[in-house]
Amino acid sequence: MPADPATDAALSIDARLRDAIAARASAAAGLEVDPATVALTLPKQAGHGDQATNIAMVLAKRAGKNPRELATQITEGLAEDLGDRLAKIEVAGPGFINLTFGDPLLREALAAVAGAGRAWGGGTAALTERVNVEFVSANPTGPMHIGHARNAAYGDATARLMAFHGHEVEREYYVNDFGSQVKNLGVSISARARGEEVPEGGYQGEYVTELAESIPGAAEQSVEELSALGVEAMLERARRTLDRFGVHFDRFFSERSLHEPAADGGPSALDRALEIVKGNGELIERDGAWWLQTEKRGDDKDRVVIRATGEPTYYASDLAYMRDKHDRGYDRQLLVLGADHHGYIGRMRAAFEAFGGDPEHLELLIMQLVNLVANGEPVKMSKRAGQFVTLDDLVDFVGVDAARWYLLQRSHDTAVELDVELARKESSENPVYYVQYAHARCCSVLDRVSSSARALADGLATDPAVLLGLAAPIEDAERALILRLGEFPTEVAVAADRRAPHRIATYALELSQTFTAFYRDCKIAGAEGDGVEAWRAALTLATRDTLATALELLGVSAPERMERRDEEPAAEAA
RNA sequence: GCGCCCGUAGCUCAGUGGAUAGAGCGCCUGCCUCCGGAGCAGGAAGUCGCAAGUUCGAAUCUUGCCGGGCGCGCCA
């Protein structure tokens with residue numbers, strides 16, 4: 001996929017700097033320097049410039065030179081090469097080179113962002129991969145709980161992120177519509193339909209009674225029929241819940257279908273997969289059962305695929321399912337699994353390799369737990385007793401935007417605590433509203449900008465060069481905002497590569513803060529000075545689009561105006 | 001016992017080799033004749049679990065220990 005040209009232009013600012021630095025560093029150190037290896041970072045410390053590189057320190061040892069001395073030589077060369085694009089360049093600390101951009105370079109940077117619009121930050125993947133992301137895959141035997149909520153939010157946001165970065169992504173839900181749990185659901189519905197207690201080990205939840213009531217003549221139906229109808233109903237319910245949560249799958253893949261004969265009447269996908277691993281010498285018979293020899297591939301022990309009874313295990317389905325996805329030609333399979341599945345990594349990898357898959361192309365992403373807290377007390381969740389905090393409950397309670405934000409703002413591999421009371425009570429002050437507010441503020445300010453300035457700013461999408469002619473000096477808050485916007489493509493790339501959508505949430509918050517500081521320090525609508533209003537409108541426009549993109553990657557809405565919320569009624573006198 | 005994840009401010013958590021470790025919430029002090037105060041400015045608050053090691057440089061990499069979560073079925 002070709003990257004957007006405007007994004008290219010901005011990256012080329014970065015690339016041009018790298019090239020220049022690499023050339024001078026190479027000459028000074030007497031070593032080959034690949035521009036791609038030049039680290040350019042935005043220093044967090046004010047006074048350390050707009051970009052910094054540690055190249056002199058990295059090369060010092062190999063070059064046999066003092067880092068500061070090396071840095072000084074590189075600096076002198078760069079100052080000569082880059083002219084007024086640099087306002088300042090200096091050696092600092094142990095050998096950092098700090099660069100401060102000149103106004104011409106800052107204008108080029110903003111022109112690139114503004115020109116790209118909603119495409120800014122995307123499409124920079126070096127090569128496009130076909131990626132299958134399997135997530136949620138909750139058993140259709142019960143409502144989706146808070147753990148599924150985190151899995152859903154994460155899988156979906158990761159898919160959005162990778163697609164935006166430049167990959168072809170498909171979302172897939174594996175439906176466990178086969179086996180003893182499904183039968184168990186049928187048994188439980190049947191019991192409720194006949195007004196009896198659910199047998200030991202059955203599903204106790206209220207929803208089972210609801211299912212029984214919703215199925216006409218349930219008391220007379222067979223367990224098999226009730227199982228099928230129950231699964232169908234639960235799946236439909238899951239679809240509606242996910243839809244409401246902003247998560248849409250490309251495919252619901254039935255486990256049962258793996259067990260059915262092929263379209264041509266040939267063996268099932270499961271049988272074919274087993275034949276393949278058997279042919280590869282991966283199966284062994286022992287104690288009357290068939291085992292996949294996973295231990296030799298790093299698993300704790302071998303795993304049964306066909307029980308002594310002749311029944312395939314759940315693991316056999318997993319094997320066939322991975323094989324099916326593999327045959328569909330994806331470059332990469334991502335599986336988003338719950339915390340309680342981390343013990344499966346070994347056997348899943350082993351299975352993938354057993355049929356000839358390249359382990360590099362399988363990624364198992366483990367979600368850590370969400371601990372729900374209400375009023376400072378942990379919320380107990382018992383599937384047995386049928387007590388859930390469901391995904392629907394969460395959305396009802398705090399709304400889709402806050403729910404997704406809270407579930408996505410932290411790394412997937414750290415356990416998080418979510419205080420639902422707090423999330424709702426503080427909803428007017430929590431970070432997601434702050435970011436949305438910044439977006440709404442961009443929109444509302446742009447409405448107040450003069451039509452001529454607005455026209456100039458809007459024209460940038462087609463002609464970014466307009467900005468370059470503006471002469472007014474760039475102020476600190478404007479500089480900070482441009483640099484922040486300029487980070488977005490790198491942030492997207494890192495977040496996508498690390499499957500870390502929470503970085504986008506962090507970035508969105510930082511961008512919002514930077515914009516708010518700009519808004520405070522620089523008057524936008526009606527600003528004095530030649531072209532200043534248009535220039536600031538362009539900055540606002542670029543911020544609005546980048547915030548909207550960031551929020552969209554998280555699946556959080558970007559409203560053009562926030563509803564004026566009435567003050568909470570003062571603690572009622574009761 | 002073995003395996004995976006985590007230990008950073010009062011709380012919830014960012015930060016996967018760089019400079020004086022950050023944010024949100026909470027707390028304290030200020031700011032509404034000014035583009036939306038759902039806001040802004042400032043402040044208090046940290047032995048980055050502990051100890052060694054690697055390096056010019058470690059919250060970050062290695063090892064050991066301590067503490068917490070989760071998992072170790074011919075269940076799904």
Side-chain angles (χ1 to χ4, degrees), chain A residues 39 41 43-48 52-54 57-58 60-61 66-67 92-96 98 139 141 176 178-182 184 201 255 286-291 299-301 303-315 317-318 338-346 364 366-369 371 373 376 406 409-419 422 426-434 436-438 440-441 443-449 494 498 500 502-503 505-507 509-510 513 516-517 519-527 533 536 540 561-565 567:
Chain A
T41 58
K44 40 191 164 188
Q45 192 68 34
H48 288 165
T53 179
N54 62 357
M57 289 181 289
V58 172
K61 191 160 193 177
N66 172 300
F96 290 100
N98 294 336
N139 285 346
T141 51
N176 299 118
F178 185 86
S180 59
Q181 295 305 313
V182 172
N184 199 355
E255 178 187 2
R286 194 193 308 153
D287 302 331
W290 286 92
W291 304 67
D299 193 10
D300 298 338
K301 54 183 173 184
R303 305 288 171 179
V304 170
V305 287
I306 303 289
R307 301 186 182 96
T309 61
E311 296 274 302
T313 61
Y314 184 83
Y315 178 54
S317 296
D318 280 343
D340 53 344
H341 281 70
H342 69 251
Y344 286 59
I345 292 178
L364 300 159
I366 304 298
M367 304 301 302
Q368 293 301 319
L369 298 180
N371 295 305
V373 174
Y406 268 82
Q409 67 175 340
R410 306 306 183 194
S411 166
H412 74 275
D413 62 12
T414 188
V416 297
E417 200 166 282
L418 175 58
D419 188 326
L422 204 71
E426 296 186 345
S427 66
S428 62
E429 293 177 1
N430 78 37
V432 64
Y433 293 103
Y434 182 88
Q436 289 182 320
Y437 184 68
R441 178 176 266 167
C443 296
S444 109
V445 171
L446 285 166
D447 283 343
R448 295 176 163 272
V449 164
V494 171
R498 294 185 193 172
H502 74 279
R503 288 181 153 263
T506 302
Y507 175 82
L509 191 57
E510 288 171 350
Q513 287 166 335
T516 303
Y519 171 84
R520 180 192 70 232
D521 292 346
C522 301
K523 190 168 175 59
I524 302 161
E533 187 180 22
R536 289 180 181 166
T540 306
R561 51 179 47 83
M562 303 294 277
E563 280 175 34
R564 210 12 125 169
R565 192 175 62 99
E567 285 306 310

query = Watson-Crick or G-U wobble partner for B/G37, using a 3.5 Å limit on both distances?
reply = none
ask   = Just to confirm, is there a sub-4.0 Å distance from OP1 or OP2 of B/C75 to any side-chain nitrogen or oxygen of A/Ser180?
value = no
Among B/A19, B/C70, B/C13, the one nearest A/Glu417 by side-chain distance = B/C13
ask   = Is A/Phe96 stacked on the base of B/A19 when the test is centres under 5.5 angstrom and planes under 30 degrees?
value = yes
query = Out of B/C40, B/G24, B/A19, which has the shortest distance to the side chain of A/Ala52?
reply = B/A19
inquiry  = Looking at B/A23, I'd like to know if its phosphate oxygens (OP1 or OP2) sit under 4.0 Å from a side-chain N or O belonging to A/Arg410.
reply    = no
ask   = So, is A/Arg520 near the phosphate of B/A41, with a side-chain N or O under 4.0 Å from OP1 or OP2?
value = yes
query = Is the backbone N or O of A/His502 less than 3.5 Å from a side-chain atom of A/Gln409, with the two atoms forming a donor-acceptor pair by type?
reply = no
request  = For nucleotides B/A52 and B/A9, find the distance between their C1' atoms and express it as a whole number of Å.
outcome  = 27 Å
query = Between A/Arg441 and B/G37, does any side-chain N or O lie under 4.0 Å from OP1 or OP2?
reply = yes
inquiry  = Does B/A23 have OP1 or OP2 under 4.0 Å away from a side-chain N or O of A/Tyr507?
reply    = no
request  = Test for a donor-acceptor pair under 3.5 Å between the base of B/G39 and the side chain of A/Thr516, counting only N and O atoms.
outcome  = no
message = For the residue pair A/Ser317 / A/Glu255, report whether a side-chain donor-acceptor contact shorter than 3.5 Å exists.
response = yes
request  = Look through every strand shown and name the nucleotide pairing with B/C4 as Watson-Crick or G-U wobble, where both distances are under 3.5 Å.
outcome  = B/G69
inquiry  = Under 4.0 Å from OP1 or OP2 of B/C2: is there any side-chain N or O of A/Lys301 that close?
reply    = no
ask   = Does one side chain, of A/Ser411 or A/Asp413, offer a donor that lies under 3.5 Å from an acceptor on the other?
value = yes
key: Paired nucleotide for B/G42 [Watson-Crick or G-U wobble; both distances under 3.5 Å]   = B/C28
inquiry  = When you measure from the side-chain N and O atoms of A/His502 to the phosphate of B/G15, is any distance below 4.0 Å, counting only OP1 and OP2?
reply    = yes
message = Please classify the glycosidic conformation of B/C31 as syn (within 90° of 0) or anti (everything else).
response = anti
task = Taking only the side-chain nitrogens and oxygens of A/Lys44, find out if one of them lies under 4.0 Å from OP1 or OP2 of B/U20.
result = no
task = Respond yes when some side-chain nitrogen or oxygen of A/Arg303 is under 4.0 Å from OP1 or OP2 of B/G73, and no when none is.
result = no
inquiry  = Checking contacts here: which listed nucleotide (B/U20, B/U16, B/C74) is nearest the side-chain heavy atoms of A/Ala289?
reply    = B/C74
remark   = Closest of B/U16, B/G37, B/C40 to the A/Tyr437 side chain is B/G37
ask   = Heavy atoms under 4.0 Å, any strand shown: does A/Gln513 hit a base, just sugar-phosphate, or nothing?
value = sugar-phosphate
A/Arg498 vs B/U16: side-chain N/O to OP1/OP2 distance below 4.0 Å = yes
task = May I ask whether A/Tyr314 stacks on the base of B/C75, given the cut-offs of 5.5 Å between ring centres and 30° between planes?
result = no
request  = Indicate whether OP1 or OP2 belonging to B/G36 is found under 4.0 Å from a side-chain N or O atom of A/Arg448.
outcome  = yes
remark   = Ranking B/A19, B/G39, B/G18 by distance to the side chain of A/Ala92, first place goes to B/A19
From B/G36, B/C72, B/C5, nucleotide with atom closest to A/Val445 side chain = B/G36
request  = Among B/C74, B/A14, B/C13, find the nucleotide with the atom closest to the side chain of A/Ser411.
outcome  = B/A14
query = Looking only at side-chain N and O atoms, does A/Lys61 come under 4.0 Å of OP1 or OP2 in B/C56?
reply = yes
query = Closest to the A/Pro431 side chain: B/G36, B/C6, B/G24?
reply = B/G24
task = Look at the side-chain N and O atoms of A/Gln368 and state whether any lies under 4.0 Å from the OP1 or OP2 oxygen of B/C4.
result = no
